[in-house]
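Written out below as C-alpha cells is the structure these notes cover.
The structure presented is a predicted model; accordingly, all values stated were derived computationally and were not measured. We name chains A, B, ... by the order of the sequence lines, and we start the count at 1 in each one.
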Amino acid sequence: MALRFFNTYSRELEEFHPLDPEGKIVKMYTCGPTVYSRAHIGNFRAYVFEDLLQRHLEARGFAVHRVMNLTDVDDKTIRGSRAGNLPLQEFTAPFKEAFYQDLETLQIEMAGAFPAATEERYIAAMIAMISTLIERELAYQADDKSVYYRINRFPKYGQLAHFDLAELRPTGRVKSDEYDKEHVGDFALWKAWAEEDGDVGWKSPWGRGRPGWHIECSAMAMSLLGEQLDIHCGGVDNIFPHHEAEIAQSEGCSGKAPFVRYWLHCAHLLVEGQKMSKSLGNFHTLPDLLAKGYSGREVRYSLLRVHYRAPLNFTWDGLEEARQSLARLDEWLRRLWEAARAGNLQAHQAKTIADDGFAAALDDDLNISAALGHLFEQIRESNRELDTGIDSARALSWLEWWGRINSVLALEATETKPNEQIVRMAEERARARGTRDWKKSDELRDALNALGWDVRDTKDGQLVTPRVRA
RNA sequence: GGCGGGGUAGCCAAGUGGUAAGGUCGGGGUCUGCAAAACCUCUAUUCGCGGGUUCGAUUCCCGCCCCCGCCUCCA
C-alpha cells in the first residue's frame, strides 16, 4: 500500500509524495513548546507522534529535515521572567534545557534545528516578512502602533480550519478590547511595546515591540526549510488560529502556494478521562512520572500506542499495561539473544525475515495499533519457535527483524547491569539453593525483588533481570 | 450556533458488505521445591440508539444520543 496521511487541509487521506524532485528529502516543521514552564505529557503526546512520523519516514528511506521551534517570548514568558525578577533569557534557559532532557528520556529524535524566536536572525527575518506584508497591503499598522494582518485581503483565510469567518464567536479567551483593528479577526504580527513588557523589546520600523506568536513560525520555517514545506504538524488546537495565520503570512510573502503540502494534527490527551489541569491535580510532567517509578520508555509506549487522530486517555492502568507489554517484549528479546549466542555467530548467515507487516500498517496514516498488533503476533510466533528450539541463525534473523521495527518504535531497553550488591545477593541465593535451603532462597529472592530485580530459576540456574528499565 | 475527532469485551484498541486483530486483566493447563517467565487454552451471538438499503451491516444511507476539542496567541 502506498504511504498516505490524513491531511487536515483537505480532510482526506492523501498519498504522500514530497516536493523534492528525487522524492527523497522531506521538509518537516513541528511546532515546539513555549518555554515558560516544564512541558507536560499532553505536549509530549504531540512530540511522540511527530517522532513516530519522522522515524517511519526514515524507515521508508526518506531523509527528513525537521525543524522544531522554541517559543521564548510571549505573554507567559514575559510574565514569568518579571515575576522571577530575571532577564527573559535567564528565565527561559532552564526550561529549554529541561525540554531537551525530556526529549532524550522519551527517545524522541533531535530535530535538525531548534530555532528560538528571540535569536537575532529570526527577529530580522520576521521584520522583513512584516515589511513585505505591509508593502503588499496585507498588513497595516494600527493606531495602537501594533501591526496586524489584514485577513480580508487573504481569501484563503479560514480554509485550513474550515471556518466561515462571519460565523466566528468570541470565546472571551483573548482580550477583545482591540478596537484599533480593522477586523476583529486581524491578528498581531508585531506587538507594540507596553508597560508590562518591561525591558523586553526590539527595534523595528514600527517602533519598539516584539513579534506576534504566529509570525515566528513562518519566519523560522521559511528561513530554515524554504518557502514550501512538505509536512507541518501540531496539536489540533493549533489548527486555528496559529496554522491558519502561518499560511496567510507565508503565502502572503512568498506568493507560493501551498506553504505546506500536508498538515497533520494530533488529538488531545486526557488524564483519567478529564482535561489536564493544575486544579484537578492531574497535570503531569515527565519528572513527575519518573518520580513515581515509571520509565521513559513506559511513558513513551503509553503515549505512542493510540492512533494520533484519536483522543488518548492517559491513565495509571494504561501505564501499567505499557509496563507489562514492555516486560514481555524484553523477555522475548532476552530469549532471542540467548538463542543467538548459543551458536557460532560468525558461522551462520542470518536470513532476513521478509515480513513487512509492521511498516505496512504504519503506511496507512500511521496505524500504530495495527502495527503493534502485528508485532505481538510475531512475538508469539517466534516464542513458539523458541519453545521448540531454534538455531542461532534463526534467532539472529528475528533480532534483525526487530531492529528494523525498533528503529521506528525506539522501545528497546538499554542494558542494565546488576551492581556488586545484587551480584553478591544472587551468589548467596545460588549457594542456598545448592543446599536446598528454600527459606533463605525465597528471602533473598524477595529482597532482590524489592530492589527492582526479577529472579527466576531455569534449568541452567537462576536468572536475575532488572524489572523496570529506563 | 459553526467546524472537527471519538463511542467495538473489565480496561486499552484494530478492522471488514459475509459474520469480530492485538495488548492488558482474569480463569484453566504445561513447566517449577514454590514462584516467575514463556507457551497452550477460555473470556464480545456482538460493535452508542432507532430506522432504511441488502440474501446478509458493526461496516453503506437517514435521524438521534453521549464524550472530547476548536471558534483569534493551548500540543
Review point. So is A:Arg11 actually on top of A:Phe6's ring, under 6.0 Å and inside 45° of the axis?
Key: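 Output no; distance or angle outside limits.
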Are any of [X]'s side-chain N or O atoms less than 4.0 Å away from OP1 or OP2 of [N]?
X: A:Asn238; N: B:rA75; answer: no
X: A:Asn367; N: B:rG15; answer: yes
X: A:Arg305; N: B:rG23; answer: no

Check your understanding: What string of B, S and - do you get for nucleotides 24-35 of chain B, 5' to 3', when a contact is any protein heavy atom under 4.0 Å?
Key -> SS-------BBB
**Study point:** Intra- and inter-strand pairs of RNA chain B in dot-bracket (Watson-Crick or G-U wobble, both distances under 3.5 Å; | for another strand)
**Key:** (((((((..(((.....[...))).(((((.......))))).....(((((..]....))))))))))))....
Check your understanding: So does A:Lys145 have more than 12 non-hydrogen atoms from other groups sitting under 6.0 Å from NZ?
Key ->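 Check fails, neighbour count at 12 or below.
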Point to revise | C1' gap between B:rU58 and B:rU46, integer Å | key: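 Looking at atom C1' only, B:rU58 and B:rU46 are 8 Å apart.
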Check your understanding: With sequence neighbours left out, what residues match A:Asp387 under salt bridge (Lys or Arg N to Asp or Glu O under 4.0 Å)?
Key ->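 Counting only residues at least two positions away or on another chain, A:Asp387 forms a salt bridge (Lys or Arg N to Asp or Glu O under 4.0 Å) with A:Arg335.
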**Study point:** A:His265: which of A:His232, A:Arg309, A:His243 passes side-chain hydrogen bond (donor to acceptor under 3.5 Å, both in side chains)
**Key:**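 Only match with A:His265 under side-chain hydrogen bond (donor to acceptor under 3.5 Å, both in side chains): A:His243.
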Check your understanding: If you find the nucleotide of RNA chain B closest to A:Asp74 and the one closest to A:Trp332, which residue's nucleotide is nearer the 5' end?
Key ->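 Here A:Trp332 is the residue nearer the 5' end.
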Check your understanding: Does the A:His162 side chain pair with the main chain of A:Gln159, one donor and one acceptor, at a distance under 3.5 Å?
Key ->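 Judged by distance alone, yes, a pair lies under 3.5 Å.
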